[in-house]
J.: 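Below is the structure I would like to discuss, written out as structure tokens.
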2 protein chains.
Amino acid sequence: MSIRELKKQKKKRAILESAISLFNENGYDNTSIAQIARKAGIGKGTVYSHFNNKKSIIQGFCEYELEKIHNQLIAQSNRDSSVLEQMLIIYMTEFEHVTKNREFGRLYMREALFPDDEDQRNTSDLEKKYFDVLFPILQKGQERGELRKDLDLLHITAHFYSLYILVTSSWYTGRLPTSGVKVAMELLFKQALNGLSPAPATNTIGENCND
Amino acid sequence: MSIRELKKQKKKRAILESAISLFNENGYDNTSIAQIARKAGIGKGTVYSHFNNKKSIIQGFCEYELEKIHNQLIAQSNRDSSVLEQMLIIYMTEFEHVTKNREFGRLYMREALFPDDEDQRNTSDLEKKYFDVLFPILQKGQERGELRKDLDLLHITAHFYSLYILVTSSWYTGRLPTSGVKVAMELLFKQALNGLSPAPATNTIGENCND
DNA sequence: CTGTAAAAATGACCGCAGTCGAATTGTATA
DNA sequence: TATACAATTCGACTGCGGTCATTTTTACAG
């Protein structure tokens, strides 16, 4: 690694650290690039040689964090627990990381779910890692009979992920206090597994299997 | 209604119309308030006497639109259809409206789900109307035995709403083409009703259901 | 119609995100 | 070490969102 690359990495980290502390201190909108640059001890223009724009400072940080989580989870994952337990661990871990730096997490969720048209998403590799964590768990779940075998793994993921989004949103909007997040997520995950309609045995099977 | 109020309403509509066309033409970020003002035939400062900031132009529009939808739905709703059918109609209607003006919808979803801390949400009345539409349908569903009676109506709503968010996000991120939205939503709604885990009694029932 | 006070409209102004060409620093070759 | 070249840094500059003191319009009493 040349001196150049080394300096570049160092500066990038300095920018991120300045940005994180300033964003959490004063909020995203109340922090100027000039401030970040000053705190990092560099010129304003230099910030833009490391990040395309203000938003991508957030993306850079969050994607870096998320990748760390995923690597952690792959190492930690306990193949023997139930799907419910493992999903709870995964999404609660992600929730904690996303909301640890409130401002960063908020802007990341926005960009990830409803991105600017111009920002062509480069999350594909991140997504791949995501699925690398989830799919083995779900597959095992299918083999163990915890999950219906006729369902696409992608669709199963969709249910858990969508509930994760909702819970996170509820936390951000203040409808759900931090203390209630885990309970809510567990409840909703269980309901997703069991279904909203009554068990077929007791009731009209035909209606549940309508097409 | 005084002449003042009348003029004010007229100008507000003029601003919105200019904003809608410019946003859809050039995108939100590439449209300046000055442009909107010029097109509406007023001064720049006047825009700010009708809207607190650029974002609230979007909110004003979308909340107005959503209220229209809700009123429509209350009138239209067919109490005799299944919960699945009614939910599909409601959320597909909302999807169509939200995505009709792509840019507006995107920014509205962002604000609704992950709002700025400073913007204290005033969506409570909008939410109330929302529940006024949904709860009767779900209640009827419980009475008819389509939905488990032990579930909180709010939680049932959560499942459908979260899937709606996911599908909408998938559309905005380009993962789901417009043509695939309804199919995806129906599939996911059915799965939410039936549950992700196999029916307790037998394993084969699940396989007869859905695709 | 006139005077007047409140309401509304306005655009100059401020601080910021992002750009760009010039200046500086690192690298390679002789 | 000297020189040429590429990468990096920089801050003055542009156009924008949002503010505010000033001007213009409206409502109404005398």
Side-chain angles (χ1 to χ4, degrees), chain A residues 1-16 18-20 22-23 25-61 103-104 106-107 110-111 115-120, chain B residues 1-20 22-23 25-61 103-104 107 110-111 115-120:
Chain A
M1 168 110 36
S2 66
I3 294 177
R4 268 201 183 142
E5 300 259 338
L6 221 68
K7 271 190 147 179
K8 193 161 183 173
Q9 290 306 313
K10 217 168 201 167
K11 285 202 177 167
K12 192 160 187 174
R13 289 223 59 79
I15 293 170
L16 270 180
S18 305
I20 293 168
L22 287 170
F23 285 170
E25 195 173 335
N26 308 321
Y28 177 78
D29 287 327
N30 296 323
T31 302
S32 72
I33 299 286
Q35 271 180 291
I36 296 171
R38 207 178 311 130
K39 184 156 189 172
I42 59 175
K44 179 179 168 182
T46 308
V47 174
Y48 286 93
S49 69
H50 295 273
F51 299 95
N52 292 331
N53 50 45
K54 204 177 175 185
K55 269 185 308 192
S56 58
I57 297 178
I58 290 150
Q59 272 188 23
F61 172 69
E103 198 75 3
F104 270 86
R106 211 190 83 235
L107 293 152
R110 284 184 173 206
E111 284 303 312
D116 276 342
D117 289 340
E118 62 222 27
D119 296 359
Q120 72 285 9
Chain B
M1 169 106 40
S2 66
I3 292 177
R4 266 200 186 147
E5 300 261 338
L6 221 69
K7 272 190 142 179
K8 195 161 185 175
Q9 290 305 312
K10 218 167 199 166
K11 285 202 177 168
K12 192 161 188 174
R13 290 223 59 79
I15 294 170
L16 272 179
E17 278 164 25
S18 305
I20 293 168
L22 287 171
F23 285 170
E25 195 173 336
N26 307 323
Y28 178 77
D29 287 327
N30 296 322
T31 302
S32 70
I33 299 286
Q35 272 179 291
I36 297 171
R38 207 177 311 128
K39 184 156 189 171
I42 59 174
K44 178 179 167 183
T46 309
V47 174
Y48 287 92
S49 68
H50 295 273
F51 299 95
N52 292 331
N53 50 45
K54 205 178 175 185
K55 272 186 307 193
S56 59
I57 297 178
I58 291 150
Q59 273 187 24
F61 173 68
E103 199 74 3
F104 270 87
L107 293 153
R110 284 184 172 207
E111 284 302 313
D116 276 341
D117 289 341
E118 62 223 26
D119 295 0
Q120 72 284 11

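In what follows, every heavy atom counts, from backbone to side chain, and hydrogens, waters and symmetry copies are set aside. All chains are named by letter (A, B, ...) in the order of the sequence lines, taking the proteins before the strands, and each is independently numbered beginning at 1.
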J.: Please state how far atom NZ in K8(A) lies from atom C1' in dA7(D), giving the value in whole angstrom units.
T.: 8 Å
J.: Out of dT19(D), dA9(C), dG18(C), which nucleotide sits closest to the side chain of Y48(B)?
T.: dT19(D)
J.: Do any side-chain nitrogens or oxygens of T46(B) fall under 4.0 Å of OP1 or OP2 in dT10(C)?
T.: yes
J.: Between K54(B) and Y48(B), is NZ or CZ placed under 6.0 angstrom from the six-membered ring centre and within 45° of the ring axis?
T.: no
J.: Respond yes when some side-chain nitrogen or oxygen of K11(A) is under 4.0 Å from OP1 or OP2 of dT9(D), and no when none is.
T.: yes
J.: Can you tell me which nucleotide in dC10(D), dA9(C), dG18(D) comes closest to the side chain of K54(B)?
T.: dG18(D)
J.: Nearest whole angstrom, please: distance from the C1' of dT9(D) to the NZ of K10(A).
T.: 17 Å
J.: Atom NE2 of H50(A) and atom C1' of dA7(D): how far apart are they, to the nearest Å?
T.: 11 Å
J.: Would you check if the side chain of S56(A) reaches a backbone N or O of Q59(A) as a donor-acceptor pair within less than 3.5 Å?
T.: no
J.: Which atoms form the tightest heavy-atom contact between V47(B) and A37(B), and what is the distance?
T.: CG2-CB, 3.9 Å
J.: Between atom CG in N30(B) and atom C1' in dC16(D), what is the gap in whole Å?
T.: 11 Å
J.: Could you work out which one of dG17(D), dT9(D), dA9(C) sits closest to the side chain of S49(A)?
T.: dT9(D)
J.: What nucleotide among dA9(C), dG18(D), dT10(C) has an atom nearest to a side-chain atom of I42(B)?
T.: dT10(C)
J.: Should the pair K12(B) and F51(B) be classed as cation-pi, given the thresholds of under 6.0 Å to the six-membered ring centre and 45° from the axis?
T.: yes
J.: Could you please name the option among dA17(C), dG18(C), dT8(D) that lies closest to any side-chain atom of N53(A)?
T.: dG18(C)
J.: Pick the nucleotide of DNA chain D nearest each of T31(B) and G41(A); which residue has the one closer to the 5' end?
T.: G41(A)
J.: Send over the distance from Y28(B) OH to dG17(D) P, rounded to a whole Å.
T.: 8 Å
J.: My understanding is that only one of T31(A), L16(A), L107(A) makes a side chain to side chain contact (heavy atoms under 4.5 Å, CB included) with I57(A); could you say which?
T.: L16(A)
J.: Figure out the CD1/P separation between I33(A) and dG11(D), and round it to whole Å.
T.: 15 Å
J.: Send over the distance from I15(B) CD1 to dG17(D) P, rounded to a whole Å.
T.: 14 Å
J.: Find the distance N26(B):CG to dG15(D):P and express it as a whole number of Å.
T.: 17 Å
J.: Hey, does the side-chain of K44(B) have a donor or acceptor N/O within less than 3.5 Å of a partner on the base of dG17(D)?
T.: yes
